[in-house]
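Working notes, structure below.
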Amino acid sequence: DPEMMTPGYKAPAKVDLETLKNLDAEDESLNKWKAQLLAGSPANTDDPRKVIVEKMSLVVQGRPDVELDLTGDLSKLKESKITIKEGCTFRLKITFKVQHEVVAGLRYLQKNSRSSVPIPGSVNAMLGSYGPKAESQTALTPWDECPKGMMARATYSAKSKFIDDDKE
């Protein structure tokens, strides 16, 4: 899907953790990057998912964050509503765990709709590459601005998904 791609970005070849650790062993700067990416102890789990999104927080300047717990019953989220001031500046803080392998090019996609009608202004944010860790990791989307004006006042809904360079 061309809308999901970053111009000029080429996804790296997929390799397992052991191969990655031993790749380009003589390159000092690459070894520092790999050490940072692979720091921490990988999670040992039977859960087959590579990325487990635990929480999303709406960060709005001048007010406490609104947190959505994604570890429970997700069907209840459809009933929850968040009210925000028109024209405010906001971003999303995403808390997640990575397990089993390095996730290259993790990307957050969001399609917005108003009264079930898709609207322009979808979000396509590159979050980065992350190694497996037992502890949670966080990523922030870029700052954005809510619609404003009389015509923008309405109830909006958003559908979110996460993909990586493998489109998984």
Side-chain angles (χ1 to χ4, degrees), residues 1-61 63-72 74 77 82 84 88-112 120-146 156-168:
D1 198 358
E3 73 182 40
M4 293 189 279
M5 304 311 291
T6 300
Y9 175 75
K10 184 179 176 206
K14 188 174 180 176
V15 295
D16 61 63
L17 285 178
E18 279 308 309
T19 304
L20 181 63
K21 286 177 187 177
N22 299 321
L23 199 63
D24 296 319
E26 69 284 346
D27 186 332
E28 186 179 333
S29 64
L30 187 56
N31 284 331
K32 286 181 183 178
W33 175 78
K34 288 190 293 187
Q36 181 182 3
L37 182 66
L38 300 173
S41 45
N44 292 326
T45 178
D46 292 330
D47 189 332
R49 296 177 292 176
K50 290 193 298 185
V51 178
I52 300 171
V53 182
E54 300 172 318
K55 179 172 54 175
M56 289 179 65
S57 304
L58 179 69
V59 179
V60 179
Q61 293 178 335
R63 77 178 245 186
D65 295 354
V66 178
E67 295 184 351
L68 299 173
D69 180 6
L70 303 178
T71 59
L74 297 181
L77 287 177
I82 300 172
I84 51 178
C88 72
T89 304
F90 72 96
R91 70 189 325 177
L92 294 175
K93 178 179 174 184
I94 302 153
T95 305
F96 58 95
K97 284 186 180 176
V98 174
Q99 52 188 16
H100 306 300
E101 61 187 63
V102 172
V103 175
L106 183 62
R107 184 179 294 273
Y108 171 71
L109 304 172
Q110 177 181 299
K111 301 263 185 203
N112 300 315
S122 60
V123 177
N124 180 349
M126 174 62 82
L127 303 177
S129 297
Y130 298 88
K133 294 186 178 164
E135 61 273 358
S136 298
Q137 302 180 67
T138 60
L140 292 166
T141 62
W143 287 103
D144 201 356
E145 186 177 325
C146 287
Y156 293 85
S157 62
K159 291 192 180 200
S160 302
K161 75 177 182 177
F162 296 86
I163 62 167
D164 64 7
D165 284 342
D166 299 328
K167 305 290 185 274
E168 295 179 12

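The shown structure was predicted, so the numbers you read here are calculated from the model rather than taken from an experiment.
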Quiz item: Is there a donor-acceptor contact under 3.5 Å from the side chain of R91 to the main chain of P142?
Solution: no

Quiz item: Which heavy atom in Q99 sits nearest to a heavy atom in D47, and how many Å separate them?
Solution: NE2-O, 3.1 Å

Exercise. Can you see which heavy atom on A104 is nearest to which on D164, and at what distance?
Key: O-CB, 3.4 Å

Practice problem: Would you give the length of the straight line joining atom CG of L77 to atom CG of L68, rounded to the nearest 0.5 angstrom? | Solution: 5.5 Å

Self-check item: Heavy-atom check, side chain of V66 versus side chain of S57, under 4.5 Å
Solution: no

Quiz item: Measuring from K111:NZ to N124:CG, what's the distance to the nearest 0.5 Å?
Solution: 8.5 Å

Quiz item: Could you give the distance from CG (L58) to CD1 (I84), rounded to the nearest 0.5 Å?
Solution: 5.5 Å

Quiz item: Just how far is it from atom CD of Q110 to atom NZ of K161, taken to the nearest 0.5 Å?
Solution: 13.0 Å

Quiz prompt | Interatomic distance, C88 atom SG to W143 atom CH2 [nearest 0.5 angstrom] | solution = 9.5 Å

Self-check item: Sole candidate of I94, L92, L140, V103 that passes side chain to side chain contact (heavy atoms under 4.5 Å, CB included) when paired with L127
Solution: I94

Self-check item: Non-hydrogen side-chain atoms of V51 and Y130 separated by less than 4.5 Å
Solution: no

Practice problem: Determine, stepwise, if the pair K93 / D65 fulfils salt bridge (Lys or Arg N to Asp or Glu O under 4.0 Å). | Solution: CA-CA 9 Å; K93 178 179 174 184; D65 295 354; 5.2 Å; no

Exercise. List the atom of S160, the atom of M56, and the distance in Å for their closest heavy-atom pair.
Key: OG-CE, 4.4 Å

Practice problem: Measure the OG-CG distance between S129 and L106 for me, rounded to the nearest 0.5 Å. | Solution: 8.0 Å

Exercise. Please report the closest heavy-atom contact between T71 and D69, naming both atoms and the distance.
Key: OG1-OD1, 2.6 Å

Quiz item: Under 3.5 Å, is there a donor-acceptor pair between the side chain of S136 and the main chain of T95?
Solution: no

